[in-house]
Amino acid sequence: MARTLPSLTVSEQLSSQNKPPFPSLALYVQGSEVLLRRHQVSRPHNAGTGLIVAPCQLATLWRAPGDRAGEGGLSLCLTMQLTQLDGECLLHLFSFLDKDSRRSLSLTCRWLRRVFLEPCLWSLLRFSSPCQLRRDNYVLGPSLRRLAVCWYSSRVKVCNVEDWRKSSFQKDICSKHQSLVSSFLARVCHTCPNLLSLTLAGCGHISDQDVIDVLHSCRRLRVLRLENCVRISDRVLQAVAGPQGDGLLKVQVDFCRNVTQAGLQTVRESRPAIQLSAERSAGMIPDSRPDEATQLGRTLQRVLQFS
């Protein structure tokens with residue numbers, strides 16, 4: 001099966017007396033943005049020919065003012081391959097696709113792969129689970145402005161359990177993803193210096209140092225949102241109140257149980273211009289360390305239970 005690429009077909013109705021200027025490629029792009037979303041990408045039978053992308057056609061009809069049907073008209077048909085569009089038009093087309101669709105389309109040829117790897121295409125990234133950070137369907141670069149990792153799942157409850165309270169089964173669940181967000185934030189520190197907004201929700205394994213490193217490396221950061229990140233404590237608020245938080249305009253630390261009222265007050269006094277939000281953070285029960293007596297009691301209880 002031969003490899004085929006989508007084509008754009010434009011039909012013009014031109015008048016011999018009054019010819020309009022030739023339409024620009026930007027019009028083609030704006031007109032085909034919805035059709036491009038309906039591309040069906042499938043893998044061919046013979047490996048090595050890449051992916052087959054279903055053809056996409058766009059037809060427009062122009063008629064000179066005063067012309068009636070069938071009078072003085074000349075039809076002109078122009079067929080163009082998608083790869084014949086310039087880089088700016090392809091970037092505009094790619095901007096309407098999600099991460100997986102962009103990657104699938106980039107596997108059809110080298111030219112579309114170059115467009116996929118263009119840093120300016122990736123100014124916004126949003127992930128709905130830490131496991132998505134493992135995929136190769138996105139590009140980190142200096143053009144990234146807004147980043148969100150929001151995990152709303154029942155597994156977050158397991159991650160939020162204090163380490164000394166976790167069972168072996170719970171620890172095994174957390175071991176599969178506990179370092180994903182931290183490693184990803186380390187990459188952001190090295191490759192995304194122009195980040196403006198960072199949102200982390202349900203990331204129970206990130207530490208204070210992970211967020212402090214982002215504040216230190218991304219000095220243009222304006223918005224910091226932390227929600228249900230149980231390991232975040234007053235250390236982050238101290239960094240916000242210090243020199244690393246000079247550019248911040250808005251800070252949210254909602255449902256972070258290890259944030260105290262004293263840490264919030266420090267930010268309010270040092271940075272009165274920052275819009276600070278802390279829904280239920282200072283009123284939650286913080287983490288605690290078990291004393292030796294409690295540990296011994298739990299050990300005896302388990303021995304008696306299994307004996």
Side-chain angles (χ1 to χ4, degrees), residues 1-16 18-44 47-64 73-127 135-148 187-188 191-197 220:
M1 183 182 297
R3 182 176 60 181
T4 61
L5 292 174
S7 61
L8 300 180
T9 303
V10 180
S11 177
E12 290 276 334
Q13 183 76 15
L14 302 178
S15 172
S16 57
N18 186 9
K19 295 183 179 180
F22 195 79
S24 63
L25 292 179
L27 296 179
Y28 301 161
V29 173
Q30 294 175 2
S32 61
E33 60 190 28
V34 178
L35 295 178
L36 188 60
R37 290 182 180 180
R38 298 179 181 177
H39 275 173
Q40 296 181 353
V41 182
S42 59
R43 193 171 296 277
T49 58
L51 300 179
I52 304 294
V53 181
C56 170
Q57 294 184 345
L58 170 67
T60 59
L61 183 63
W62 179 87
R63 181 177 297 158
L74 177 62
S75 295
L76 176 63
C77 184
L78 173 64
T79 300
M80 176 179 292
Q81 295 292 328
L82 182 62
T83 53
Q84 292 177 317
L85 295 173
D86 60 10
E88 184 178 357
C89 294
L90 289 174
L91 285 173
H92 184 73
L93 287 173
F94 268 68
S95 66
F96 292 95
L97 303 177
D98 57 24
K99 298 189 292 293
D100 291 331
S101 298
R102 292 176 183 179
R103 181 182 179 276
S104 298
L105 194 57
S106 70
L107 297 178
T108 57
C109 67
R110 294 181 179 178
W111 173 235
L112 295 181
R113 181 66 179 175
R114 290 177 57 185
V115 177
F116 173 81
L117 296 176
E118 187 65 32
C120 63
L121 180 65
W122 305 95
S123 61
L124 170 64
L125 282 175
R126 182 178 178 86
F127 303 91
R135 302 177 183 177
D136 58 348
N137 59 355
Y138 63 92
V139 176
L140 289 179
S143 298
L144 183 62
R145 297 294 186 270
R146 291 172 176 81
L147 172 63
R187 293 171 54 195
V188 171
T191 58
C192 309
N194 300 317
L195 187 66
L196 298 178
S197 175
R220 297 185 179 183

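Note that this is a predicted model, so its numbers are computed, not measured.
Rounding to the nearest 0.5 Å gives a distance of 13.0 Å between CH2 of W122 and CG of L147. With rounding to the nearest 0.5 angstrom, the CD atom of Q84 is 12.5 Å from the SG atom of C89. From L107, atom CG reaches atom CZ of R113 across 6.5 Å, with rounding to the nearest 0.5 Å. For the atom pair OG of S123 and CG of N194, the computed distance is 11.5 Å after rounding to the nearest 0.5 Å.
Counting heavy atoms from C-beta on, the side chains of K99 and F127 come closer than 4.5 Å. Residues R145 and L124 have side chains not in contact (no heavy-atom distance under 4.5 Å, counting atoms from C-beta outward). Under the 4.5 Å side-chain criterion, counting only non-hydrogen atoms from C-beta, L105 is not in contact with L93. Side chains of L125 and L140 form a contact here, defined as non-hydrogen atoms less than 4.5 Å apart.
Closest non-hydrogen pair, L121 versus L91, comes out as CD1-O, 3.8 Å. Of all heavy-atom pairs between L90 and V115, the closest is CD1-CG2, 3.9 Å. Of all heavy-atom pairs between P142 and P119, the closest is CD-CB, 4.4 Å. Looking at every heavy atom in both residues, F116 comes nearest to N137 through CZ-C, 3.8 Å. Nearest approach of R102 to L97, heavy atoms of both residues: NE-O, 3.0 Å. Closest approach of C192 to G141, counting heavy atoms only: SG-O, 3.5 Å.
Looking only at distances, a side-chain donor or acceptor of S106 sits under 3.5 Å from a matching main-chain atom of R103.
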